[in-house]
K.L.:
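Dumping the structure here so I can ask a few things about it.
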There are 2 protein chains.
Amino acid sequence: MSKASDLKDAGLKATGPRLKILNLFETSEQRHLSAEDVYRLLLDEQDDVGLATVYRVLTQFEQAGLLVRHHFESGKAVFELNQGGHHDHLVCVKCGKVEEFYDAEIEKRQDAIAEQHHFLIQDHAMYLYGVCAECQTRLAGKLKAR
Amino acid sequence: MSKASDLKDAGLKATGPRLKILNLFETSEQRHLSAEDVYRLLLDEQDDVGLATVYRVLTQFEQAGLLVRHHFESGKAVFELNQGGHHDHLVCVKCGKVEEFYDAEIEKRQDAIAEQHHFLIQDHAMYLYGVCAECQTRLAGKLKAR
DNA sequence: TTTTGTGCAAACTTTTTGCAAACAG
DNA sequence: CTGTTTGCAAAAAGTTTGCACAAAA
């Protein structure tokens, strides 16, 4: 029942939709899910939850600190489980794959810069957009084919 | 006529709307403008350009490399003039103010990380979200006032 | 029972698209 | 003149909200 108490700690009742959504993030292959992704995955496993509820729950979870919201370049928000350890993201602009990394030196420099600018930092959000190894080879193949 | 030739170099005809929009970015106080911002600013100076045209032109300019598109956390895209020199952004989550910075050490680490992950990097996009100095004092005042 | 949460449909915001008229080269 | 570009209105896409009903404590 750790999930139910996670929710109670956040001041949220342990309802069906909330438990299902939390469970999804804990068990899904992909760490990064959009509202639409969550909605579809739940439909697939016959757990019908309204799309509006998905949006509401995701926002509540973000406010409760259970999830972190990101705005990659796609125009839609994606969420991932907040497991404490901060990290940054490498995002493939071709296939959408996300790889995570952490670099202490970068974090240190970020803090120094925020201080210089008198910014009270809330989110060290770094996204490196590029083309992943797989897409590079795939695209190279396509070029040669012409 | 440098603007007109900038456009021609990009394979775009030098039309009224395009020249006005490019000019706006070159003369505006704020470096970072959303489509809506551009639309309103042009209306203010009696230069009527349809909103759809603003969107189309901004996208064309981005593809031509004249502008850079960012997705801050606001849900709307903002654009800035591409002046070659790469930099990162400190974004105030309270007032939306954007400050720019550049840190060679961070760039170096980013390149190293991209290489480790076999990513072909396209955009070193770093956004530090926080609260700017002004908003910190403003919010502190508000708290005391209660 | 009383508060809180859910589903649905409708509204809203940002961005895109189809098409006829206007414009640049 | 001929292909591009524009403006408008309509449509998409993502997200939020109002409200009656359902579920949790």
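Not measured: the values here are computed from a predicted model. Order of the sequence lines sets the chain letters (A, B, ...), proteins ahead of strands, with each chain counted from 1.
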K.L.:
Do side-chain atoms of A/Arg18 reach the backbone of A/Lys13 as a donor and acceptor pair under 3.5 angstrom?
P.N.:
yes
K.L.:
Report the residue (B/Lys13 or B/Ser34) whose heavy-atom-nearest nucleotide on DNA chain C is the more 5′ of the two.
P.N.:
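Whichever sits nearer the 5' end wins; that is B/Ser34.
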K.L.:
Grab the CZ-P distance between B/Phe61 and D/dT5 for me, whole Å please.
P.N.:
11 Å
K.L.:
When you check the gap from the basic side-chain N to the acidic O, do A/Glu105 and A/Arg109 get nearer than 4.0 Å?
P.N.:
no
K.L.:
In whole Å, what is the span from the CZ atom of A/Arg69 to the P atom of D/dT15?
P.N.:
8 Å
K.L.:
Rounded to whole angstrom units, what separation is found between the CD atom of A/Glu62 and the P atom of D/dT15?
P.N.:
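Nearest whole value for this atom pair: 12 Å.
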K.L.:
When you get a sec, tell me which of D/dT16, C/dT15, D/dG18 is the closest nucleotide to the side chain of A/Arg56?
P.N.:
D/dG18
K.L.:
Report yes if at least one side-chain N or O of B/Lys76 is closer than 4.0 Å to OP1 or OP2 of C/dT14; otherwise report no.
P.N.:
yes
K.L.:
Nearest to the side chain of A/Ala52, heavy atoms from C-beta on, is which of C/dC8, D/dA25, D/dC8?
P.N.:
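Of the options given, the side chain of A/Ala52 lies nearest C/dC8.
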K.L.:
Looking only at side-chain atoms of B/Thr59, point me to the closest of C/dT6, D/dT16, C/dT16.
P.N.:
C/dT16
K.L.:
Let me know the distance between CG of A/Leu51 and C1' of C/dT6, rounded to the nearest Å.
P.N.:
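My rounded result for the distance is 13 Å.
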K.L.:
Applying the side chain to side chain donor-acceptor pair (under 3.5 Å) test to B/Glu80, which of B/His89, B/Arg69, B/Gln30 qualifies?
P.N.:
B/His89
K.L.:
Can you measure A/Asp37 atom CG to D/dG14 atom C1' for me and round it to whole angstrom units?
P.N.:
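Those two atoms, CG and C1', are 13 Å apart.
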K.L.:
In whole Å, what is the span from the CG atom of A/Leu7 to the P atom of C/dT6?
P.N.:
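A/Leu7 atom CG is separated from C/dT6 atom P by 10 Å.
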K.L.:
Once you measure the plane-to-plane angle for B/His86 and B/Tyr102, does it fall in the parallel (<30°), tilted (30-60°) or perpendicular (>60°) bin?
P.N.:
perpendicular
K.L.:
Which of these nucleotides, C/dT6, C/dT17, C/dA9, is closest to any side-chain atom of A/Pro17?
P.N.:
C/dT6
K.L.:
Are any of the side-chain nitrogens in A/Glu45 or A/Lys20 under 4.0 Å away from the carboxylate oxygens of its partner?
P.N.:
no
K.L.:
Reckon A/Tyr55 has a side-chain N or O less than 4.0 Å from the OP1 or OP2 of D/dT16?
P.N.:
no
K.L.:
Does the side chain of B/Thr15 get closer than 4.0 angstrom to OP1 or OP2 of D/dT6 through an N or O atom?
P.N.:
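So the side-chain polar atoms of B/Thr15 do come within 4.0 Å of the phosphate oxygens OP1 or OP2 of D/dT6, strictly under.
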K.L.:
Within this structure, what is the CZ-to-P distance between A/Phe79 and D/dG14, rounded to whole angstrom?
P.N.:
13 Å
K.L.:
What's the closest nucleotide to the side chain of A/Thr53 if the choices are D/dG7, C/dT6, C/dT15?
P.N.:
C/dT6
K.L.:
Could you give the CG-to-P distance, from A/Leu42 to C/dG7, as a whole number of Å?
P.N.:
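Distance check: A/Leu42 CG to C/dG7 P gives 10 Å.
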